[in-house]
Amino acid sequence: MASTTSLPFIGTLPAGTRDAITDVAGVTVGHRTLADGPVQTGVTVIRPHAGDPFRDKVPAAAVVLNGFGKSVGLVQLAELGVLETPIALTNTFSVGTVATAQIRDCAAANPETGRALPTVNPLVFECNDGFLNDIQRLAVTEADYLQALAATDADFAQGSVGAGRGMSSFQLKGGIGSASRRVAMADGTTCTVGALVLSNYGRQPQLVLAGHAVGERLAALQQTSTEASEPEKGSIIIVVATDAPLDARQLRRLALRAGAGLARTGSVFGHGSGDLVLAFSTAYTVPDRADRPMPAVAMLHDTLLDGLFQAAADSTEQAILHALWRATPVTGRDGNHRAALGELLPASSLSPLA
């Protein structure tokens with residue numbers, strides 16, 4: 001990276017070892033990146049645990065901050081409060097392909113899916129990467145999802161990778177970012193909250209980095225005033241994981257607090273922005289069959305959630321900064337180009353931010 005500026009640390013809570021969503025034990029992330037001329041796109045997969053989520057479902061909830069989006073699986077998720085597949089991120093026109101890949105993968109592992117067993121609820125989130133990626137080529141295949149799934153690991157790349165390859169934020173290169181925070185609980189235990197973002201939103205004049213309103217200066221530096229004055233047309237997907245024992249109702253409350261971290265960066269959840277948040281817990285799983293025992297879990301009292309709320313907000317803001325900071329420049333469709341934040345900071349009179 002061209003810049004030697006230190007990236008600010010958000011908040012007062014400590015980060016986990018990786019400062020990533022995979023600090024929540026059992027969570028892994030994998031990418032499949034497609035980077036070939038006008039094709040700049042990909043798939044990112046988040047596995048909540050190493051097993052089969054169709055058999056051992058994970059409690060979850062989603063919040064729609066602004067619903068300009070084309071995701072799959074949210075209706076059943078809202079009704080039942082569980083995940084049944086890994087979480088997939090991709091571009092808008094590839095949602096159907098990736099959902100089909102999830103169904104085939106589940107059926108391969110559970111041959112009676114949709115027969116003796118219930119159908120599976122695929123879960124795919126999207127952002128529109130059409131500025132850098134020729135989205136009409138429908139370049140993402142089912143095999144790309146399977147490769148991203150096979151690549152899942154606790155250590156993973158961030159920036160212009162996977163589903164984030166063609167994404168833009170604040171007229172800069174966006175993409176994948178992640179962060180985590182640890183929370184000391186009243187009983188002496190420690191819980192972890194991690195966030196992963198697919199960042200593809202924001203108008204440059206509104207950009208705020210760790211409390212510093214830098215967008216106007218960046219817009220002047222890049223001479224992007226015309227594009228930056230256009231209406232919001234981007235999106236962001238935020239995935240929040242925790243090992244705290246929460247039910248679906250509490251997870252929805254946790255997901256909502258990610259919006260506080262998003263707002264701190266200058267987002268107003270614009271008309272054309274699909275801003276969606278998913279939160280899940282790894283503290284327990286729900287069995288697929290009634291003859292298997294339900295978990296006996298003592299949930300946290302609602303009055304003890306404030307630390308987790310702070311962690312969700314702070315890790316989301318930090319993850320967005322990481323997406324911008326770790327992105328590399330990309331030139332794609334029709335020569336469209338996005339510069340990386342790290343290239344611009346030394347010349348922008350924004351340093352030091354810390």
Side-chain angles (χ1 to χ4, degrees), residues 21-30 43-64 69-90 95 98-110 113-114 117-126 145-146 148-150 152 154 156 163 178 192-198 237-256 258 276-290 292 294-295 297 299 308 312:
I21 194 172
T22 51
D23 287 322
V24 178
V27 177
T28 53
V29 177
V43 182
T44 294
V45 174
I46 304 167
R47 294 189 69 183
H49 59 67
D52 183 349
F54 185 67
R55 293 288 189 176
D56 295 296
K57 305 178 193 301
V58 178
V63 169
V64 178
K70 290 84 178 172
S71 298
V72 165
L74 295 181
V75 172
Q76 183 172 311
L77 174 65
E79 182 69 22
L80 302 184
V82 291
L83 300 179
E84 296 188 340
T85 67
I87 303 154
L89 311 175
T90 191
V95 169
V98 172
T100 299
Q102 288 187 324
I103 293 168
R104 291 191 201 277
D105 185 58
C106 180
N110 304 278
T113 302
L117 295 173
T119 58
V120 65
N121 183 49
L123 189 60
V124 187
F125 293 95
E126 56 77 32
Y145 168 78
L146 295 176
L149 180 65
T152 53
F156 63 96
S178 192
T192 301
V193 175
L196 182 144
V197 302
L198 178 61
I237 305 300
I238 304 169
V239 179
V240 177
T242 185
D243 54 12
L246 306 180
D247 62 19
R249 178 188 61 81
Q250 292 172 317
L251 286 165
R252 187 183 188 283
R253 299 187 70 202
L254 185 69
L256 187 60
L276 283 74
V277 188
L278 171 79
F280 68 90
S281 171
T282 63
Y284 61 98
T285 58
V286 178
D288 65 324
R289 297 167 59 127
R292 298 173 60 198
M294 288 289 286
V297 180
M299 302 297 174
L308 300 178

State whether the side chain of Q76 and the backbone N or O of G73 hold a donor-acceptor pair below 3.5 Å, judged by distance alone.
no
Measure across P245 and S281 and return the closest heavy-atom pair with its distance rounded to 0.1 Å.
CA-OG, 4.3 Å
Show the nearest heavy-atom pair for residues A148 and V45, with the distance to one decimal.
CB-CG2, 3.7 Å
Test L308 against L246 for side-chain contact (heavy atoms from CB on, under 4.5 Å), laying out the working first.
CA-CA 11 Å; L308 300 178; L246 306 180; 4.2 Å; yes
Find out whether I46 and F125 are in side-chain contact, i.e. whether some heavy atom of one side chain is under 4.5 Å from a heavy atom of the other.
no
Where is the tightest heavy-atom contact between A62 and L74, given as atom of each residue plus distance?
CB-CD2, 4.0 Å
Is the shortest heavy-atom distance from the side chain of P53 to the side chain of L83 under 4.5 Å?
no
Results of side-chain hydrogen bond (donor to acceptor under 3.5 Å, both in side chains) for T44 - residues two or more places apart only
H31
For residues 44-55, which residue pairs qualify under salt bridge (Lys or Arg N to Asp or Glu O under 4.0 Å), counting only residues two or more places apart or in two chains?
R55-D288
For a quick test of reading the model, state the closest non-hydrogen atom pair linking A60 to L278 and the distance between them.
CB-CD1, 4.2 Å
Does T22 have any side-chain hydrogen bond (donor to acceptor under 3.5 Å, both in side chains) partners at least two apart in sequence or in another chain, and if so, which?
none
Beyond-backbone contact of V277 with L256, side-chain heavy atoms, under 4.5 angstrom
no
P118 meets the side-chain contact (heavy atoms from CB on, under 4.5 Å) criterion, sequence neighbours left out, with none
Minimal non-hydrogen separation, L251 against F280, with atom names:
CD2-C, 3.8 Å
Taking side-chain contact (heavy atoms from CB on, under 4.5 Å) as the test, write out the residues that go with A88, two or more places apart.
V98, Q102, V124, Y145
If a pair satisfies salt bridge (Lys or Arg N to Asp or Glu O under 4.0 Å) and one of its residues is in residues 100-109, list it, with sequence neighbours excluded.
R104-E142
Sequence-distant partners of R252, side-chain contact (heavy atoms from CB on, under 4.5 Å), two or more places apart:
A61, V63
Identify, with sequence neighbours excluded, every residue that meets side-chain contact (heavy atoms from CB on, under 4.5 Å) alongside V64.
L276
From E126 atom CD to L89 atom CG, the distance as rounded to the nearest 0.5 Å
10.0 Å
Are the side chain of H49 and the backbone N or O of D56 linked by a donor-acceptor pair below 3.5 Å?
yes
Mind checking side-chain hydrogen bond (donor to acceptor under 3.5 Å, both in side chains) for N121 and listing every partner two or more places apart, or none if nothing turns up?
none
Heavy atoms from other residues, nucleotides or ligands near CZ of R292 exceed 12 (cutoff 6.0 Å)
yes
Looking at every non-hydrogen atom in both residues, tell me the closest pair between D243 and V24 and how far apart they are.
N-CG1, 3.8 Å
Using the salt bridge (Lys or Arg N to Asp or Glu O under 4.0 Å) rule, collect all pairs that involve residues 73-85, keeping only residues at least two apart or in two chains.
K57-E84
Closer than 3.5 angstrom, by distance alone: can the side chain of S178 be matched with the main-chain N or O of I21 as a donor-acceptor pair?
yes
Between CG on residue D23 and OG1 on residue T242, distance to nearest 0.5 Å:
11.5 Å
